[in-house]
Amino acid sequence: MRLSPALVIGAALSLTAVGLAALSFFWTPYDVTRLTVAARLQPPSAQHWFGTDHFGRDIFSMVMVGARASIAVALVAVGVGAGLGVPLGLAAAARRGGWLDELVMRLNDLIFAFPSLLLAIMITATLGPGAFNAVIAIGIFNIPVFARVTRGAALSLWTRDFVLAARVAGKGAARISVEHVLPNVANLLIVQATIQFSLGILAEAGLSYVGLGVQPPMPSWGRMLNEAQTMIYVAPWFAIFPGLAIVLTVLGLNLLGDGLRDLSDPKVRRAR
Amino acid sequence: MKLFTRTAAALAMMIGAAQAAPTHLTVGMQLEPPNLDPTAGAAAAIDEVTYANIFEGLTRIGPDGSVRPALARSWEVSEDGLTYVFHLVEGARFHDGAAFDASDVKFSFERAMAEGSTNAQKGLFEPIEKIEVLDPATVRITLKRPTGQFLFNMGWGDAVIVDPASAEGNATHPIGTGPFRFRNWVKGDSVTIERNPDYWGTPARLESATFKFIADPTAALAALMAGDVDAFPGYPSPETVPQLQADPRFEVVMGSTEGETILSTNNARPPFDDLRVRRAIAHAIDRQAIIDGAMFGVGTPIGSHFAPHNPAYVDLTGLYPHDPDKARALLAEAGHPNGFKATLKLPPPSYARRGGELVAAQLREVGIDLTIENVEWAQWLEQVFRGKDYDLTIVSHTEPMDIGIYARPDYYFQYDNPAFRKLMQDLNAAVDPARRAAILGAAQAVIAEDAVNGFLFQLGKIGVWNAKVKGLWHDAPTQANDLTAVYWED
């Protein structure tokens, strides 16, 4: 089987971002909490690959540590969304047409009614800024996404013969959901998780940009962009590199998601 | 072709003639005032809108910091320095039509001195023994003791003259005697003032002016570039100055201010009540790095709470040189060998937000772990300034000659030193300039020795305006955007 180029590029970009973030726990070229003002706003060079910011911090190191914050927030937020959304979706599908289904889906509509980033801003503005609250804010708008995808895919499975067979064999709805339905929607969920992951990174950058995400002294991509924008004519590298980091990570995750979907979709596979 | 060029030239001339010099000025300000009554609020933004424009005092402070006549056209001071007779301008009216006379002076000052007064600078009036109305155009003020700064103090925004009938409403609809009157206030956006046609003195040259509140430094640059504001006298984004200097549309003026930017410290709260801890902080701070990193080099280091351009200034920046090892030793001596945790509350201006990150990094070097908490101005005034609920904060004290705040134990620093209070009493009694300078020098040394606050730098003033706008102040000897002499050049 041939892997699509989208999948390869996407996986490479995503792995690079995750790899740099993981590496930043053990090593960065410079300490990002140490400010050396004398070395401020230096253009990219052999010492500072991405240049330095207005406090003399190494932008490459900041991008590495910023990746950690973005990925951690987005990953946990996807976890929150999937952890709550998938069971809700499975339950709604198992009780399709019942009051539980109605309740879950209408609650989803309620969350969907708010633009996701505005909702996140509202939540962090209420709870106070910080990485933890950003996770909650982004996680909340992930819940209905997972719930819907799960319910939609699970609904058709409930009419399939193997599920009927399981019911005849006397298995309960919960057991059937876990043993027969979930494995068959897992592919779809992984693809969805990748997409939500990239949206989460964008959302985290947006929250940090308005000052509601990760707090100083920890760097984050969004706040770097915010700080860089008044210096864009003086020190363009300060804005360009965190911006590129966001673009490439989001692009990578989207390509990865597309690639995984193609891989799991028999129709596309056959066409190739 | 020739005909075409000629027509074009004629057209251009016609258009040029039609475009007379504008008479409206839009002034950018970073902060919105919480109200518009300078006699009932400490926020600098109130004076930056109203001072000299809407409200006037007996005297006024000029662009160079000198004391000039205002509602008092002249005055006489007695030999002993205790009695001041002010001769008031005649025919002045408040914007609501009420006549101005000596009784308004008596009312305004007695209101500011009263028990329940909300005046933010009650201390200015404290030396006043009594105020007598001799006739409608003459007022005599008797002091308890000679007060060398009295005429200057009467020029503060907090000492403007208000009318008994309108005084209570000034917070939302200010009514003064100035050359401009209030038109409207769009909350969160702007305040507009217009020329007062019945002004007693030289009328303003501008027809009207709008103060537009733009908190975000990036937006400030964009607003200037787009021509949405004509002038930004307190331009908040020093990093973009080179770009503006290179642009012939703008004039960029670097001036000085009365803004001592300090790391305010809660002297009553442990561990900051320990002198060794405060000295450790003083040693941990690298002022030049803060000026370079937060202000892009615009600013002068200070070692005490005093403006370097003042003749009585004493350079105390060498008292606690940047020395992290010394700081760690002092902390250990004070019983914090592993440092401690504290919070740093930062108001919105970039000097505070950026300076705060630098201060936090510098204190982290010596083991003090600061949690940065960004607050809005309303929160800052409520929690820090009034509530005194803070460990450390960064703010610029922009009032002129305000070292006297250290003599107020209830001020938010909560610094209580009888020796310093004695110095301030002596200062108030002293009239001789040399003696005053000596006392001021000693006062600077006391608070520097006690490391009451982290003394960082004197805020520089960056004024950026359309090159055709003339008459704005270059320096900021008091908090004001005096538009009385501003005009557009043809």
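Chain identifiers are assigned alphabetically (A, B, ...) following the order of the sequence lines, protein sequences preceding nucleic acid strands; residue numbering begins at 1 within each chain.
- Looking at B:Thr218, both its backbone and its side chain come within 4.5 Å of chain A, counting heavy atoms on both sides.
- One distance of note links CG of B:Asn374 with CD of A:Gln215; it measures 6.0 Å at 0.5 Å rounding.
- Both the backbone and the side chain of B:Ala289 have a heavy atom closer than 4.5 Å to some heavy atom of chain A.
- Only the side chain of B:Gln243 comes within contact range of chain A, judged by heavy atoms closer than 4.5 Å.
- Contact annotation for B:Gln288: neither backbone nor side-chain heavy atoms come within less than 4.5 Å of a heavy atom of chain A.
- Looking at A:Leu41, the atoms closer than 4.5 Å to chain B (heavy atoms on both sides) all sit in the side chain, from C-beta outward.
- For B:Pro217, the parts lying under 4.5 angstrom from a heavy atom of chain A are both the backbone and the side chain.
- The 12-atom threshold is exceeded at NZ of B:Lys388, counting heavy atoms of other residues, nucleotides or ligands nearer than 6.0 Å.
- Between atom OG1 of residue A:Thr33 and atom CD of residue B:Glu357 there is a gap of 11.5 Å, rounded to the nearest 0.5 Å.
- Partner A:Val37 forms a side-chain contact (heavy atoms from CB on, under 4.5 Å) with one of B:Ile291, B:Asp286, B:Leu358 and no other, that one being B:Leu358.
- The greatest number of non-hydrogen atom pairs below 4.5 Å with chain B, out of A:Arg40, A:His54, A:Glu227, is found for A:Arg40.
- Rounding to the nearest 0.5 Å places CD1 of B:Ile290 at 10.0 Å from CZ of A:Phe55.
- Proximity to chain A (any heavy atom under 4.5 Å) is restricted, for B:Arg364, to the side chain, taken from C-beta onward.
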